[in-house]
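First the structure, in the form of structure tokens, and then the observations on it.
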Amino acid sequence: MSSCPVPPRADAGLLEHYVKKILAAPVYDLAVRTPLQAAPALSALLGNQVLLKREDLQPTFSFKIRGAYNKLVQLTAEQKARGVVTASAGNHAQGVALAARELGIRARIVMPATTPELKVLGVRSRGGEAVLHGASFPFALAHALQLADACGYTFVSPFDDPDVIAGQGTVAMEILRQQQGPLDAIFVPVGGGGLIAGIAAYVKYLRPEVRIIGVEPEGSSCLLAALRAGERVVLPSVDGFADGTAVAQIGAFGFEICRQWVDEVIIVSNDQLCSAIKLIYDDTRSITEPSGALAVAGIRQYVSTRGIAGQTLVAVNSGANINFDSLRYVAERVVAQGAV
Ligand SMILES: *Cc1c(COP(=O)(O)O)cnc(C)c1O
């Protein structure tokens, strides 16, 4: 529906800094090396070779444990002893809880009082202390920051932290090792920009010809807005359907990388996400959450609007945490659109 080419600029020193951090990130204490899997039906449908990076197969069912673990493992002994705090009702909450348990660190996770029981239990079952506070996310976040300040806990950002970005960047390290042949572009879902920043830093350092393409839902396209404005604008409102990427402002550390090294940002609708969930299901028999299907939706739009054929395109399937009840809505939207 819209896109924004980014003019290339060069700050290779920044890339090298991140590449070193990514190579040194000990994420495999907890995360797994996920498959880069062929998607034959999708590839035939789109006339390009599509490969799926299956981050939905991580423990906690999203890549977030990579960044959370890499952040927590690098804390000083004193910081570890004091514990950590974060605010999240989603995948970051599970990631921090699991990483903290693995490292024997106390984790308080502030969640809005309205958070569904399922997600609260998800945190508690992984050893995290769920603190219910505030009517919505900004209030929970304010409380988490206040706890960090008053009690000396380390605040763990879901995306705006170099160690978190480096942890997420290990996804790219695996992709380049797994696909040593042709590789034209990697499509990455964007929320606060931690995942795409880590991937862009690694790939642009080693294989700069590979295009890095961000994909955002139309209801929370904060990276595109920031690139257009030349600064990190705050969106006045955010749509929550793709809850893993419903972020109002791109992170500062991530933006520094994205504005120089992301080649393009594509925006997709919620209906396009529903179709993508079905296409992924058809090929893999696995269900992705709406944010997890962004990259496939982006590939589909990229290929059809530009008549691209015969390329090798990677989609990062970033997560699978969807409430079972929501599948009914997804299926209805697919049917309402006719053939996918
Ligand atoms: C967090 C998340 C994203 C976006 O990652 P950012 O680092 O915030 O850009 C994408 N997909 C899923 C499933 C997520 O949980």
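Every number for a ligand or one of its atoms is a count from 1 in the order of the listing. None of the values given here were measured: they were computed from a predicted structure.
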Q: Using distance alone, determine whether Pro158 and ligand 1 share an N or O pair under 3.5 Å.
A: no
Q. Are side-chain N/O atoms of Gln272 and Arg300 paired as donor and acceptor at under 3.5 Å?
A. no
Q. What part of His92 sits under 4.0 Å from ligand 1 if we count only heavy atoms: the side chain, the backbone, both or neither?
A. neither
Q. Can any side-chain N or O of Arg101 pair as donor or acceptor with the backbone N or O of Ala97 at less than 3.5 Å?
A. no
Q: Using a strict 4.0 Å cut-off to heavy atoms of Gly193, name the atoms of ligand 1 that fall inside it.
A: 6 (P), 7 (O), 8 (O), 9 (O)
Q) Do you know which two heavy atoms are closest between Asp160 and Gly254, and how far apart they sit? A) OD1-N, 4.4 Å
Q. For ligand 1, which atoms, with element, lie under 4.0 Å from some heavy atom of Ser318?
A. 10 (C), 11 (N), 12 (C), 13 (C)
Q: Compute the shortest N/O to N/O distance between Phe159 and ligand 1 and return yes if it is under 3.5 Å, no if not.
A: no
**Q.** Heavy atom of the protein closest to atom 5 (O) of ligand 1 (residue, atom name, distance)
**A.** Phe63 CZ, 3.4 Å
Q) With only distance considered, is Asn91 within less than 3.5 Å of ligand 1 through an N or O on each side? A) yes
Q: Could you say whether the N/O atoms of Leu195 and ligand 1 ever approach to under 3.5 Å?
A: yes
(Q) Can you confirm, on distance only, whether ligand 1 has an N/O atom lying under 3.5 Å from any N/O atom belonging to Pro189? (A) no
Q) Does one hydrophobic cluster hold both Val215 and Val303, with members joined at side-chain heavy-atom distances below 4.5 Å? A) yes
Q: For Val190, take its heavy atoms, then give the atoms of ligand 1 lying under 4.0 Å from any of them.
A: 9 (O)
Q: Could you pull out the closest heavy-atom pair between Phe159 and Val164, with the gap in Å?
A: CA-CG1, 4.1 Å
Q. Taking all non-hydrogen atoms of both residues, which atom of Val210 and which atom of Leu183 are closest, and how far apart?
A. CG2-O, 3.5 Å
Q) Charged N to carboxylate O under 4.0 angstrom, Lys71 versus Asp161? A) yes
Q) Checking Lys64 side chain against Ala93 main chain: does a donor-acceptor pair fall under 3.5 Å? A) no
Q) Against heavy atoms of Glu289, which atoms of ligand 1 measure under 4.0 Å? A) 13 (C)
Q: Report yes if Gly194 has an N/O atom closer than 3.5 Å to an N/O atom of ligand 1; otherwise report no.
A: yes
(Q) Quick check on Phe61: does its CZ atom have over 12 non-hydrogen neighbours (other residues, nucleotides or ligands) under 6.0 Å away? (A) no
Q.
So if I count the atoms of ligand 1 from 1 in the order they appear, which ones are less than 4.0 Å from some heavy atom of Thr245?
A. 3 (C), 4 (C), 10 (C)
(Q) Can you confirm whether more than 12 heavy atoms, excluding those of Glu78, are under 6.0 Å from its CD atom? (A) no
Q. Under 4.0 Å from any heavy atom of Gly319, which atoms of ligand 1 are there?
A. 13 (C)
(Q) Below 4.0 Å, non-hydrogen atoms only: which portion of Lys64 touches ligand 1? Side chain, backbone, both or neither. (A) side chain
Q. Nearest protein heavy-atom contact for atom 8 (O) of ligand 1: which residue, which atom, what distance?
A. Gly192 N, 2.8 Å
